[in-house]
Structure formats: C-alpha cells, structure tokens
2 protein chains.
Amino acid sequence: MAEQSADAVLERAAALCARRGVRLTAQRRRVLEILCASARPLGAYDILDAMREGPRGLAPPTVYRALDFLLEQGLVHKIESLHAFVGCHHPEHPHASQFLICDTCGTVTEIENEGITRSLGSAASASGFRPARPVVEVIGICSGCAKSDPDASPRTTGGRT
Amino acid sequence: MAEQSADAVLERAAALCARRGVRLTAQRRRVLEILCASARPLGAYDILDAMREGPRGLAPPTVYRALDFLLEQGLVHKIESLHAFVGCHHPEHPHASQFLICDTCGTVTEIENEGITRSLGSAASASGFRPARPVVEVIGICSGCAKSDPDASPRTTGGRT
DNA sequence: GGTGATGACGCTACAATATAACCTAATTGA
DNA sequence: TCAATTAGGTTATATTGTAGCGTCATCACC
Ligand SMILES: [Zn+2]
Ligand SMILES: [Zn+2]
Ligand SMILES: [Zn+2]
Ligand SMILES: [Zn+2]
C-alpha cells in the first residue's frame with residue numbers, strides 16, 4: 001500500500017506546497033520520503049535513525065520541526081495511540097483521517113468512511129460541541145494476520161520498509 | 001460531570017471488583033478517587049503529585065501500576081491524544097469509549113454513540129479487520145467555551161479539580 | 001497457626017518521546 | 001545589497017512511561 005505510489009505522492013506533495021506558497025525543503029521532503037517508503041508508521045526517532053544513515057548527524061528537533069510542517073500541510077498523519085507517523089496518500093483534499101491499526105503486523109490502513117464522519121459530526125453537534133481534530137484509530141487484527149495466526153502478539157513501532 | 005457522582009462511582013467500583021474477585025487496594029482506590037474528583041483528565045505525574053500531598057513519597061511505577069489495573073478493569077480510560085487519564089462513570093457494562101475533548105477548558109465528555117460504534121464496526125468488517133480497541137477522541141471546542149470565547153487558546157493537561 | 005505461592009508495592013535506574021532556547025545559515029522581497 | 005523572515009544546527013532538558021529487583025501483604029492449603 002505504501003510502496004506503489006511513494007514517488008507519485010512526493011511529486012504531488014511538491015506541487016501542493018508550491019501552490020500553497022510553502023517550502024518543501026530538502027529535510028522535509030526527506031522525512032516525507034522516509035514515511036512514504038515505510039509500510040508501517042514510524043516514530044520520530046525511527047525517522048531520525050533513517051536520516052542519520054545519510055551524511056551528517058541530526059538531532060530530534062530537526063525531525064520534529066519537519067513533522068510539524070508536514071502535519072500542518074496535511075501530508076502526514078500522527079497515530080496518537082502509537083506515538084508514530086504515517087504519510088498520507090491522498091493529501092490533495094482535506095479529510096478526517098481514520099485508521100485501522102493491526103496489532104500484529106503493525107500495518108496501518110487509512111480509511112475515509114463517510115458513515116463514521118457523519119456519526120461523529122452528529123454526535124458532536126448534539127452536544128453543541130464544535131469539532132476541530134477527530135482522532136479515530138481502531139486497534140485490532142488485520143484480515144491477513146487473523147487468517148495466518150488466530151492469536152498473535154503485538155508489535156512495536158519501527159522498522160523501515 | 002465528575003463532581004456529582006464521585007463517591008457513588010467509588011462505591012460501585014468496589015462492588016465491581018469484589019464481584020470479579022480482584023483487589024481494589026488502597027493505592028488503586030486512591031488513584032481512582034483522584035481521577036474521579038477531577039473535572040479534567042490527569043497525567044500520570046499529576047496523579048503522582050496529588051498522591052504525594054498525602055503521607056509518603058511515591059514513585060511513577062506505583063501510579064502506572066494502579067492505572068494498569070484500573071484500565072484493565074474498565075474503571076478508567078486513557079485519552080491517547082492527551083497522554084492523560086479519566087475515570088469512567090459507567091464502568092458496570094463494557095463500552096466503546098468515545099470522547100469529546102475541549103481544547104480550551106480541558107474538559108472531557110465521554111459519550112457512547114451507537115451510530116459511531118456501528119459505523120466503526122461496519123467499516124472494519126468491510127476490510128476484514130477484527131477490531132479490538134477503538135480510539136475515538138474528538139478534539140474541539142465545547143459549547144460553553146464556544147459561547148464565551150469564539151477563539152481561545154489551547155490548554156495543558158493537568159490541574160486537579 | 002504455620003507455610004509456600006501469589007500478588008502488590010517501594011525503589012532505583014533508565015528508556016522513549018518531545019520541546020525550550022539560542023544561535024547561525026539560507027531564502028525572500030525590496 | 002540589505003533587512004526581514006524562515007529554516008535548521010546544537011545543546012540541554014522536560015515529559016511520559018518501563019525494567020528489574022527486593023520486600024511485604026494476602027491467600028490457599030495443610
Ligand atoms: Zn490522509
Ligand atoms: Zn496484520
Ligand atoms: Zn467509560
Ligand atoms: Zn470548553
């Protein structure tokens with residue numbers, strides 16, 4: 001799911017940033033690349049390690065600043081329940097991000113379910129609540145893992161590609 | 001919302017634990033009390049501070065162990081997006097916890113919306129995904145804050161009662 | 001009542017995640 | 001070119017969460 005469109009996503013991200021008049025600098029692009037190349041969400045320190053494989057030694061703030069930018073631009077999402085980040089594969093239009101997170105293989109699937117969005121909206125407005133940032137993350141077992149191993153043990157965050 | 005039933009919740013929690021044959025020890029009860037007495041979610045270290053106001057000096061593992069127990073028993077919930085915890089006010093029956101989190105005053109409202117639960121379930125099963133732990137947290141502005149201050153600044157976690 | 005097994009907790013140290021603060025370098029717009 | 005703005009390097013530190021180990025309380029059973 002990540003693999004097929006990593007380059008295309010990068011290209012579209014560049015176009016988006018140009019259109020918005022914001023700068024997709026080398027560092028930011030690098031972080032986005034690393035995230036899009038991974039099948040699983042990566043922690044900030046996983047990204048940091050991946051970047052250190054290149055030339056110089058970097059520090060946490062560099063990665064966090066890049067992530068802040070990418071989050072603002074909607075190019076990546078944060079998975080709150082994992083303290084980790086994923087690249088967004090359809091950042092052109094804003095969307096309520098909803099995730100299915102496999103506890104076994106660690107893959108994260110971003111979905112956009114109109115029913116969930118609607119239910120959330122009506123539940124919120126019923127309380128007079130004005131929603132800003134919905135966090136919908138369903139932890140469970142993906143179909144592949146459910147088949148192969150009826151009960152398996154959890155995984156950790158990292159592991160590039 | 002927290003205030004009205006704090007004692008009642010404690011009593012019911014004790015009954016629940018007795019019925020289940022698990023021990024609601026003094027420490028665990030204390031943590032639950034502190035959480036239920038707070039109108040806002042508390043971080044583990046907020047709880048730790050609150051407990052230190054009493055007799056001896058405690059360490060983080062004490063609080064985290066109590067929280068683990070209370071989470072297992074469904075007596076408290078973790079708010080992933082805040083790294084904080086709230087007491088549950090209807091722990092008798094298991095439920096998918098859904099939260100409305102006000103970014104301004106910090107209050108958290110636990111709701112149980114059947115529509116959201118259903119949408120999540122059908123979205124998951126459409127992908128062959130077997131859900132285990134849904135995380136639904138809507139960050140936004142509560143009705144009270146929206147009225148009094150059309151755009152206000154975020155808040156931090158803590159602050160007992 | 002002893003007695004061994006289990007569970008709860010005190011305690012130290014440490015891991016993992018995230019940010020503050022300050023300064024330099026690059027980019028932009030005039 | 002030059003001031004203003006933005007991005008990034010660097011160090012230190014804050015915040016959140018665990019590992020590991022020894023001790024004490026509780027419980028089941030004799
Ligand atoms: Zn997305
Ligand atoms: Zn899986
Ligand atoms: Zn609840
Ligand atoms: Zn509010």
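Letters A, B, ... are given to chains in the order of the sequence lines, protein chains preceding strands, and every chain is numbered from 1.
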Comparing nearest nucleotides in DNA chain D, the 5'-proximal residue of the pair B:Lys78, B:Arg23 is B:Lys78
Measure the distance from [atom1] on [X] to [atom2] on [N] and round it to the nearest whole Å.
{"X": "B:Gln73", "N": "C:dG7", "atom1": "CD", "atom2": "C1'", "result": "14 Å"}
{"X": "B:Asp49", "N": "D:dA14", "atom1": "CG", "atom2": "P", "result": "15 Å"}
{"X": "A:Arg30", "N": "D:dG8", "atom1": "CZ", "atom2": "P", "result": "13 Å"}
{"X": "A:Leu48", "N": "D:dG8", "atom1": "CG", "atom2": "P", "result": "14 Å"}
{"X": "A:Phe69", "N": "D:dT5", "atom1": "CZ", "atom2": "C1'", "result": "15 Å"}
{"X": "B:Leu67", "N": "C:dC9", "atom1": "CG", "atom2": "C1'", "result": "14 Å"}
{"X": "B:Asp68", "N": "C:dA8", "atom1": "CG", "atom2": "P", "result": "12 Å"}
{"X": "A:Tyr64", "N": "D:dG9", "atom1": "OH", "atom2": "C1'", "result": "17 Å"}

Looking only at the side chain of [X] (C-beta and beyond, no hydrogens), which of the listed nucleotides [options] gets closest?
{"X": "A:Arg28", "options": "D:dA7, D:dG9, D:dA19", "answer": "D:dA7"}
{"X": "A:Phe85", "options": "D:dA7, C:dA18, C:dT12", "answer": "C:dA18"}
{"X": "B:Gln27", "options": "C:dC9, C:dC11, C:dA20", "answer": "C:dC9"}

Scanning both residues in full, the closest heavy-atom pair of A:Leu120 with B:Val138 reads CD2-CG2, 3.8 Å
Closest non-hydrogen contact found for A:Cys142 with A:Cys102 is N-SG, 3.4 Å
>> Over all strands shown, is B:Tyr45 touching base, sugar-phosphate only, or nothing at heavy-atom distances under 4.0 angstrom?
In response: base
Please work out if A:Arg65 contacts a base, only the sugar-phosphate, or nothing of the nucleic acid, heavy-atom cut-off 4.0 Å.
base
Measuring to OP1 and OP2 of [N], would you say a side-chain N or O of [X] lies under 4.0 angstrom away?
{"X": "B:Thr25", "N": "C:dC9", "value": "yes"}
{"X": "B:Thr62", "N": "C:dC9", "value": "no"}
{"X": "B:His83", "N": "D:dG17", "value": "yes"}

Judged by nearest nucleotide, the residue sitting upstream toward the 5' end of DNA chain C, A:Ala44 or B:Pro61, is B:Pro61
ask   = If you draw a 6.0 Å radius around CD in A:Glu92, do more than 12 non-hydrogen atoms from other residues or ligands fall strictly inside?
value = yes
* To do: Decide if atom CD of A:Glu11 counts as having more than 12 heavy atoms of other residues, nucleotides or ligands within a radius under 6.0 Å.
  => no
inquiry  = Tell me whether B:Arg40 contacts the main-chain N or O of B:Val108 through its side chain, where contact means a donor paired with an acceptor under 3.5 Å.
reply    = no
